[in-house]
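One structure below.
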Amino acid sequence: MSNVIKITKGLNINLIGEAEKVIKNHNADIYALKPADFIGAFPRMLVKEGDEVKAGMPLFLDKYREDIIFTSPVSGKVKEIKRGAKRALLEVKIESDGKFESLEFGAADPLALGREGVIEKLLKSGLWTMIRQRPYSVVANPKDKPKAIVISTFDTAPLAPDNDFIVHGQGEAFQAGLDALSLLTPGKVHLNIDANATHSKVFTNSKRVQINQFAGPHPAGNVSVQINRLDPINKGDIVWYLYPQDVINIGKLFLTGQYDSTRIIALTGSEVLKPAYYKTHIGVSIESLVKGNVAEGNKRYISGNVLTGKKIELDGFVSFQHTHVTVIPEGDYYEFLGWALPGFDKFSVSRTFPSFLFPSKKYKLDTNLHGGERAYVMTGEFEKVFPMDIYPLQLIKAILVEDIDLMENLGIYEVDEEDFALCEVIDTSKTNIQEIVRKGLDLMRKEMS
Amino acid sequence: MKFLRDFLDKQKPHFSKGGRFEKLHSTFDAFETFLFVPNKVTVSGAHIRDAIDMKRTMIVVVLAMVPALLFGIWNVGYQHFLSHGINAGFWEIVGFGLLKVLPVIVVSYVTGLAIEFAFAQVRHHEVNEGFLVSGLLIPLVMPPDVPLWMVAVATAFAVVIGKEVFGGTGMNILNPALTARAFLFFAHPAEMSGDKVWIAEKADAYSGATALGHLLVGEADKIPSFSDMFLGFIPGSIGETSTLAILIGAVILVAAGVGSLRIMLSVVAGGLVMGGIFNLIGANAYMQLPAYYHLVMGGFAFGTVFMATDPVSAAQTGVGKIWYGFFIGAIAVLIRVFNPAYPEGMMLAILLMNVFAPLIDHYVIQSNIKKRLKRAKAAVAA
């Protein structure tokens with residue numbers, strides 16, 4: 001096995017509400033697919049309200065890339081097609097019949113099928129949409145030949161689910177998925193594990209992949225950081241990436257011929273009474289998941305983790321890509337002279353609060369911004385939590401002035417908005433950096449297409 | 001504090017859009033956020049945020065200046081009574097110092113904040129906290145006898161020309177407090193240099209020259225002892241005399257992670273290297289002065305800790321900060337020793353490097369860009 005790649009810069013934020021290592025079965029009445037989860041996709045509906053669907057049946061496709069179809073995660077009836085402002089498609093809700101029947105795609109050994117056969121099966125079943133590409137984090141283009149495929153098996157974000165625990169006993173499906181993926185790239189499939197925490201045989205015994213070991217604080221689990229260390233993205237390069245549970249879904253498609261959208265989701269956060277893992281399906285409704293298991297008070301429901309997740313309402317759904325739900329208190333309160341008091345219970349990396357004396361303390365954090373937005377004044381802050389050879393503040397400024405050449409030169413192809421989450425957390429100026437980076441990536445994609 | 005919150009909530013509509021005092025919105029907002037950290041929650045991106053904000057950062061810098069300020073107040077009184085040969089008690093000394101220093105601070109804050117509030121209002125911005133620091137820096141670099149109207153004019157110049165014309169806090173090229181001092185230095189040299197201004201209401205017969213002043217005229221034997229200069233029992237600007245008090249400030253800044261240790265060390269290194277070179281040449285008494293004397297004379301220590309580290313006007317890249325600091329230290333000593341017109345080189349050295357900081361950063365970033373392009377070319381060739 002290769003040497004351990006050490007990430008030194010970064011930050012682990014310790015929060016209250018880690019999921020207990022038990023898996024509960026959970027079937028909801030309603031599941032949903034949200035087109036907005038797929039960056040850059042323009043959905044065209046293929047079903048209408050009241051239609052009967054099975055798992056793997058197309059719900060909508062991407063207008064500009066019609067071979068990419070998005071399929072139902074469960075069987076049942078299309079309950080509602082929810083639209084928002086300007087008729088933007090928000091949610092396609094499926095009322096589950098509780099049977100989880102799938103269309104038959106035919107079991108096959110991916111290695112026997114060959115590259116074209118694998119791609120065809122993935123596209124048809126909708127599982128293709130699990131494969132995304134860097135740069136831009138959009139669903140991969142089946143016509144591309146990526147220089148590598150990267151799978152990060154560990155998540156370093158706060159309260160993140162433990163993939164070692166999740167994949168337990170699913171080695172066969174995982175390997176079948178890897179077999180299929182190995183055909184898609186002329187380069188390597190990188191399986192990145194945590195040198196200190198990954199022990200599952202499912203990962204360490206994988207074949208047809210290159211196993212790389214990483215060690216260090218968040219964002220060591222981010223694919224951008226890993227790609228940056230393994231084989232950085234240059235202009236024109238394409239790297240595909242996906243996550244362990246996606247690989248298992250893909251593996252099961254080839255083993256059984258069925259679209260099995262099972263997801264093990266970690267329900268975490270200080271406001272969850274009994275944080276645990278739930279075995280459910282893609283797009284499960286939040287309300288059913290947290291029922292009777294959250295504290296009183298004004299809460300924020302997050303699909304994903306506290307750094308990069310999406311804010312959702314109680315009647316919302318877990319995003320297609322997420323295997324993690326976090327519930328934390330809202331911070332809509334005033335605090336008298338909060339900036340001047342010592343603040344013993346405050347979280348800060350800055351050492352202007354006494355919290356730096358207690359590095360292992362676990363926090364119950366809320367969504368308060370702790371200040372007003374300002375111009376960038378402090379320097380050298382972001383570099384401490386940004387483990388790539390990129391100047392984060394300069395890149396952010398290049399994006400703000402929409403200087404395409406400069407953005408390219410400063411390495412925008414190598415980053416994703418999630419890589420800036422820690423910068424955003426510690427930013428004294430309280431700017432929404434991930435939003436800025438997303439705008440920059442969208443602008444580049446438009447300019448380059 | 002509920003009654004205060006209720007009161008603010010009741011008044012808020014008057015200052016919001018369409019209210020009676022709509023024009024004073026920024027002012028109200030400044031006072032409200034001063035009293036209460038706002039109830040704003042995250043709307044996009046990371047859901048949790050660090051507790052630090054600009055107010056917290058700035059208040060730490062102000063705290064770090066307090067030792068220098070307190071010592072300055074005492075020393076203003078001490079130097080005054082010393083020049084008159086009066087053996088005054090501690091409280092008498094402090095009382096005199098307070099009488100001299102407090103008005104300067106008040107004038108600086110009132111002038112600066114009034115302009116800041118006005119600009120924030122016109123621009124529909126929130127009031128920035130940057131002036132909390134500048135407003136105290138300006139008095140600390142003034143001679144104790146400076147006329148108050150000069151403080152007001154210099155502060156106004158610094159805030160308007162030094163900062164607001166560039167777009168306000170975070171956008172300025174030069175350090176505002178040093179801009180104020182440089183303005184007075186060139187506009188009113190008689191009140192800002194020479195050997196009369198460094199002791200408040202000095203007795204005429206007493207020599208009030210600073211160490212730098214002595215050295216400039218070749219009187220190297222007349223400079224105070226190293227320990228006096230380090231501890232600060234010497235004439236000089238209000239806050240710059242005691243290197244010890246400034247060091248305490250430096251420890252606060254570095255411990256809190258607000259000030260850049262990297263810049264401070266590079267400035268010191270630059271000063272020592274340049275001083276060391278002069279020691280080797282040794283052509284005159286000034287050049288023979290041990291290099292480390294430069295660190296405790298004049299504004300070197302104060303500039304190193306509080307002025308050079310201003311993140312807005314300093315270099316922003318890690319490598320850039322080292323060069324930026326080194327040149328400040330080296331140029332400051334160079335100006336001191338070589339230029340008879342400017343006994344204090346620190347101010348000019350920092351302002352000069354403020355101007356060059358973006359250029360330094362440019363080259364640092366270009367090297368990063370070149371590395372990336374080289375990697376891309378290598379990948380294509382492979």
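All chains are named by letter (A, B, ...) in the order of the sequence lines, taking the proteins before the strands, and each is independently numbered beginning at 1. Values below: every heavy atom of this structure, side chains too, minus hydrogens, waters and symmetry copies.
- At a 4.5 Å heavy-atom cutoff, the contact between A/Ile13 and chain B is made by side-chain atoms alone.
- No more than 12 heavy atoms of other residues, nucleotides or ligands sit less than 6.0 Å from atom OH of B/Tyr363.
- Heavy atoms of A/Ile302 lying under 4.5 Å from chain B belong exclusively to its side chain.
- Of the atoms belonging to B/Lys371, it is side-chain heavy atoms, and not backbone ones, that fall under 4.5 Å from chain A.
- Counting heavy-atom pairs closer than 4.5 Å to chain B, the top-ranked of the candidates A/Leu365, A/Asp231, A/Ile328, A/Thr308 is A/Leu365.
- Residue A/Tyr376 touches chain B through its backbone alone, counting heavy-atom pairs closer than 4.5 Å.
- Annotation: maximal heavy-atom pairing with chain B below 4.5 Å, among A/Ser355, A/Ser429, A/Ala421, A/Gly309, occurs at A/Gly309.
- Residues B/Thr169 and B/Lys163 are in side-chain contact: their nearest non-hydrogen atoms beyond the backbone lie under 4.5 Å apart.
- B/Val60 touches chain A through its side chain: at least one heavy atom from C-beta onward sits under 4.5 Å away, while N, CA, C and O do not.
- Contact annotation for B/Ile59: only side-chain heavy atoms (C-beta onward) come within less than 4.5 Å of a heavy atom of chain A.
- Residue A/Glu414 touches chain B through its side chain alone, counting heavy-atom pairs closer than 4.5 Å.
- Note on A/Lys310 versus A/Asp37: salt bridge recorded, some NZ/NE/NH1/NH2 to OD/OE distance being below 4.0 Å.
- When A/Gly380, A/Gly411, A/Gly372 are compared by the number of non-hydrogen pairs under 4.5 Å with chain B, A/Gly411 comes out ahead.
- Only the backbone of A/Asn305 comes within less than 4.5 Å of a heavy atom of chain B; no side-chain atom from C-beta onward does.
- Neither the backbone nor the side chain of A/Lys147 comes within contact range of chain B; no heavy atoms are under 4.5 Å apart.
- With a 4.5 Å cut-off on non-hydrogen atoms, A/Glu335 touches chain B through its backbone and its side chain both.
- By the 30° and 60° cut-offs, the orientation of the rings of A/Phe420 relative to A/Phe386 is tilted.
- Top candidate by heavy-atom pairs under 4.5 Å with chain B, chosen from A/Lys346, A/Gln434, A/Arg374, A/Lys311, is A/Arg374.
- Heavy-atom pairs under 4.5 Å with chain B were tallied for A/Thr326, A/Asp366, A/Ile433, A/Val377; the largest tally goes to A/Val377.
- Using a 4.5 Å cut-off on side-chain heavy atoms (C-beta onward), A/Leu307 and A/Pro158 make contact.
- When atom types are taken as modelled, the side chain of B/Arg262 and the backbone of B/Ile322 share no donor-acceptor pair closer than 3.5 angstrom.
- In this structure, A/Lys188 places its NZ atom where only 12 or fewer heavy-atom neighbours from other residues, nucleotides or ligands lie under 6.0 Å away.
- A salt bridge is absent between B/Lys40 and A/Glu373: the closest approach of a Lys/Arg side-chain nitrogen to an acidic carboxylate oxygen does not fall below 4.0 angstrom.
- Contacts between A/Leu393 and chain B at a heavy-atom distance below 4.5 Å involve the side chain alone, from C-beta outward.
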Exercise for review: Check the pair A/Ser224, A/Arg134 against side chain to side chain donor-acceptor pair (under 3.5 Å), reporting the backbone distance first and the verdict last.
Suggested key: CA-CA 8 Å; A/Ser224 318; A/Arg134 290 294 166 90; 2.4 Å; yes
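- Contact tally against chain B (heavy-atom pairs below 4.5 Å) for A/Asp237, A/Thr352, A/Asp332, A/Ile390: the top residue is A/Thr352.
- For A/Asn409, the parts lying under 4.5 angstrom from a heavy atom of chain B are both the backbone and the side chain.
- Only the backbone of B/Ala255 comes within contact range of chain A, with heavy atoms under 4.5 Å apart.
- Contact check for A/Glu435 versus A/Glu424: no side-chain heavy atoms found under the 4.5 Å cut-off.
- Proximity to chain B (any heavy atom under 4.5 Å) is restricted, for A/Tyr333, to the backbone atoms N, CA, C and O.
- Inter-residue side-chain proximity for A/Glu271 and A/Arg300 is flagged as unmet; no heavy-atom pair is nearer than 4.5 Å.
- With a 4.5 Å cut-off on non-hydrogen atoms, B/Thr57 touches chain A through its side chain but not through its backbone.
- Here A/Asp416 pairs with A/Arg438 in a salt bridge; the nearest charged N to carboxylate O distance falls below 4.0 Å.
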